[in-house]
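Contents: one structure, followed by commentary.
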Protein chains: 2
Amino acid sequence: MIFQKYLAKHDLRDTPQRELILDAFLTLEEHISAEQLYDIVKRQDPSIGQATVYRVLKLLMEAELAREIDFGDGVIRYEHKYNHPHHDHLVCRGCGKMLEVVDPVIEELQKRVAESHGFKLTDHEMYLYGLCEDCRRKKSAGPQ
Amino acid sequence: MIFQKYLAKHDLRDTPQRELILDAFLTLEEHISAEQLYDIVKRQDPSIGQATVYRVLKLLMEAELAREIDFGDGVIRYEHKYNHPHHDHLVCRGCGKMLEVVDPVIEELQKRVAESHGFKLTDHEMYLYGLCEDCRRKKSAGPQ
DNA sequence: TTAACAATGATAATAATTTTCAATAGGATG
DNA sequence: CATCCTATTGAAAATTATTATCATTGTTAA
């Protein structure tokens, strides 16, 4: 609905490809790369091109339905934005496990840090990297 | 000196190219991309190859002399790490101006957030984005 | 000085993403 | 419903940043 409204407002057409990619994206729970999404969508319609997937992801960003996340590994991933409020990411350096976290005090302090330099904060990114319990156990138990 | 020690310890050779690139990097105050560094170095020695610049930056990382920063625009930049303790970045969405910031309370809270999920924090990245004073003034004054 | 091999520069390769472009297909209008 | 205009599509080429390859050069230690 939101996407359709966005399309209408911007004189863009509602095509079966766009619907398919949107549905596939919304069905997913976790963040996903353009290539992964292409793989999924291709199963339902092998004729779809990957450029279209990239194009739709860009549209979803503009429609505020998707948000980019970048762990710095050269691949951009996307996650839901609609009905999925802001949060940061806690990532395990060992196994890659990822948790969404928010700390309201940090959020408030970030605003203040920005203000103390004359900035009006618009948004931020925070990635916490560490080792999860499992990986720490493996590390101390296993050889070296 | 530190770089030379690192080279010696790892059975790597101290070459004029490595010296030149290291010096150019250390002379710089701000963060820089591999390509920008290549441009600078090329002026002093046009025969230098850009692969060497990429290779030396990798060495500087291993020697703890450089640190990567990634603003998510597809280009990796590097900044000094030696004698330049950890900090985060406050970036203006308007003009790109960048400030280094640290808030010890945020740092502490990050550790606690990680611990509350069973993680042992190893490092983090935090980018605060906003509008600086100048850009805000321009925005409210200028047309639209 | 010479054998062994690390380092270099040029270039090719990679990988993710974007652009190009000819063919196709929405959808408003008559 | 047919038609025209133009947005959209898929395939493939182009881009961009970075990495790998490889023949040649330079260093070092015996």
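Residue numbers start from 1 in every chain, and the chains themselves are labelled A, B, ... in the order their sequence lines are given, proteins ahead of strands. Heavy-atom basis, side chains included; hydrogens, waters and symmetry copies ignored.
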Which pairs of donor and acceptor atoms, one on a side chain in residues 32-42 of chain A, lie under 3.5 Å apart (sequence neighbours left out)?
from    : atom 1 : to      : atom 2 : distance (Å)
A:Ser33 : OG     : A:Gln36 : N      : 3.1
A:Ser33 : OG     : A:Gln36 : OE1    : 3.3
A:Gln36 : OE1    : A:Ser33 : N      : 2.9

Rounded to the nearest 0.5 Å, the CD1 atom of B:Ile48 sits from the CD atom of B:Gln17 at a distance of 5.5 Å

For [X] and [N], what is the distance between atoms [atom1] and [atom2] respectively, to the nearest whole Å?
| X | N | atom1 | atom2 | value |
| --- | --- | --- | --- | --- |
| B:Asp11 | D:dT27 | CG | P | 17 Å |
| A:Lys42 | D:dT9 | NZ | C1' | 17 Å |
| B:Ile48 | C:dT8 | CD1 | P | 8 Å |
| B:Gln50 | D:dT19 | CD | P | 12 Å |
| B:Asp45 | C:dG9 | CG | P | 7 Å |

Side chains of [X] and [Y] in contact at under 4.5 Å (non-hydrogen atoms):
| X | Y | answer |
| --- | --- | --- |
| A:Leu121 | A:Glu115 | no |
| A:Glu68 | A:Glu79 | no |
| A:Glu30 | A:Arg77 | no |

Check every atom of C:dG9, C:dG26, D:dG26 against the side chain of A:Arg13 and return the nucleotide holding the closest atom.
C:dG26

If the condition is ring-ring contact (aromatic ring centres under 6.0 Å, His included), which residues does A:Tyr6 pass it with, not counting sequence neighbours?
A:His10

Contact check, residues 52-70 of chain A vs DNA chain C, heavy-atom distance under 4.0 Å, returns A:Tyr54, A:Arg55, A:Lys58

Which ones in residues 72-79 of chain A lie close to DNA chain C, meaning a heavy atom under 4.0 Å from one of its atoms?
A:Gly74, A:Ile76

Using the ring centroid of each side chain, check whether A:His86 and A:His124 are separated by less than 6.0 Å.
yes

Would a line drawn from the ring center of B:Phe25 to the ring center of B:Tyr78 be shorter than 6.0 Å?
no

Taking only residues two or more places apart in sequence or in another chain, which ones pass salt bridge (Lys or Arg N to Asp or Glu O under 4.0 Å) with B:Lys58?
none

Please determine if A:Lys111 and A:Glu107 form a salt bridge, counting it only when a charged side-chain N lies under 4.0 Å from a carboxylate O.
no

Whether A:His87 and A:His89 hold their rings parallel, tilted or perpendicular, with breakpoints at 30° and 60°
perpendicular

Hey, can you pull the residues of residues 14-40 of chain A with a non-hydrogen atom under 4.0 angstrom from DNA chain D?
A:Thr15, A:Gln17, A:Arg18

